[in-house]
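Heads up: the structure comes next, in structure tokens.
Predicted model, so just to flag it, every value in this text is computed and none were measured.
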Amino acid sequence: MPSYSIAQAARLLGVSPETVRRWADNGRLAVERNGAGHRVIDGVALAAFVRKRATEAEGRESEVATSVRNALTGIVTAVRTDDVIAQVEIQAGPHRVVSMVSREAVDQLRLAPGITVTARMKSTQVHIDLP
């Protein structure tokens with residue numbers, strides 16, 4: 001499973017690296033040390049944190065009404081599959097994207113919670129690319 005540096009996690013969460021460090025220091029976000037001694041965040045743990053943070057933010061009014069861009073980079077928070085189709089949930093900063101894709105696409109891209117992806121929207125379609 002992938003791990004993320006403080007800076008990478010900050011970009012995915014739409015916050016500063018200092019905010020991520022504070023969350024780690026006060027125990028809100030679990031971090032580990034890699035072989036070089038740098039703090040890293042496990043992808044699955046980051047996905048769970050992002051999902052919890054998004055749930056806490058639901059119901060709060062947005063300060064500024066904006067439209068999202070056509071491409072959102074984020075972290076996969078959930079993948080649900082059956083024999084033919086799959087539902088992929090992505091948290092890209094404050095935006096939650098849910099995409100229905102083929103099971104084959106999920107298998108080929110090896111999509112799983114904690115993986116960084118880019119969701120590309122065109123009309124009513126969302127395409128998922130690996131960075």
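- The shortest distance between side-chain heavy atoms of V20 and I41 falls below 4.5 Å.
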V84 vs R103, side chain to side chain contact (heavy atoms under 4.5 Å, CB included): CA-CA, chis, key distance, verdict: CA-CA 5 Å; V84 178; R103 165 87 185 246; 5.8 Å; no
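- A salt bridge is absent between D25 and R21: the closest approach of a Lys/Arg side-chain nitrogen to an acidic carboxylate oxygen does not fall below 4.0 angstrom.
- A donor-acceptor distance shorter than 3.5 angstrom exists from the side chain of Q8 to the backbone of S5, with no hydrogens or angles considered.
- Shown here for A105 and S102, the closest heavy-atom pair between the two residues is N-OG, 3.0 Å.
- Note that the CD1 atom of I75 and the CG atom of L46 stand 4.0 Å from one another [nearest 0.5 Å].
- With salt bridges taken as basic N to acidic carboxylate O contacts below 4.0 Å, none links E32 and R39.
- Taking CZ of R110 as the start and CD of Q108 as the end, the distance is 10.0 Å to the nearest 0.5 Å.
- By the criterion of side-chain heavy atoms lying less than 4.5 angstrom apart, applied directly or through intervening Ile, Leu, Val, Met, Phe, Trp or Tyr residues, V97 is grouped together with V101 in one hydrophobic cluster.
- When the side chains of ILVMFWY residues are joined at heavy-atom separations under 4.5 Å, either directly or via intervening members, L12 and F49 end up in a single hydrophobic cluster.
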Verdict with reasoning, V79 to Q87, per side chain to side chain contact (heavy atoms under 4.5 Å, CB included): CA-CA 6 Å; V79 177; Q87 177 181 315; over 6 Å; no
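- Rounding to the nearest 0.5 Å gives a distance of 10.5 Å between CG of L13 and OH of Y4.
- Rounded to the nearest 0.5 Å, atoms CG (L29) and OG1 (T19) are 11.5 Å apart.
- Looking at heavy atoms from C-beta onward, V40 lies out of side-chain contact with V31 at the 4.5 angstrom threshold.
- Taking both residues in full, the closest heavy atoms of G114 and A47 are given as N-CB, 3.8 Å, listed atom of the first, atom of the second, then distance.
- Among the candidates H95, R120, Q91, the single residue satisfying the side-chain contact (heavy atoms from CB on, under 4.5 Å) test with L72 is H95.
- Taking 4.5 Å as the limit, some side-chain heavy atom of P17 sits within range of a side-chain heavy atom of I6.
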Worked verdict on L111 versus L130 for side chain to side chain contact (heavy atoms under 4.5 Å, CB included): CA-CA 9 Å; L111 296 178; L130 296 175; 4.2 Å; yes
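- Separating the CZ atom in R28 from the CZ atom in R22 is a distance of 10.0 Å, to the nearest 0.5 Å.
- To the nearest 0.5 Å, atom NZ of residue K52 and atom OG1 of residue T77 are 15.0 Å apart.
- Summarising the geometry of A86 relative to T81, their closest heavy-atom pair is CB-CG2, 3.5 Å, with the distance given to 0.1 Å.
- Heavy-atom contacts from other residues, nucleotides or ligands closer than 6.0 Å to CD of E104 number 12 or fewer.
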Test side chain to side chain contact (heavy atoms under 4.5 Å, CB included) applied to V117 and I90, step by step: CA-CA 8 Å; V117 297; I90 303 162; 3.7 Å; yes
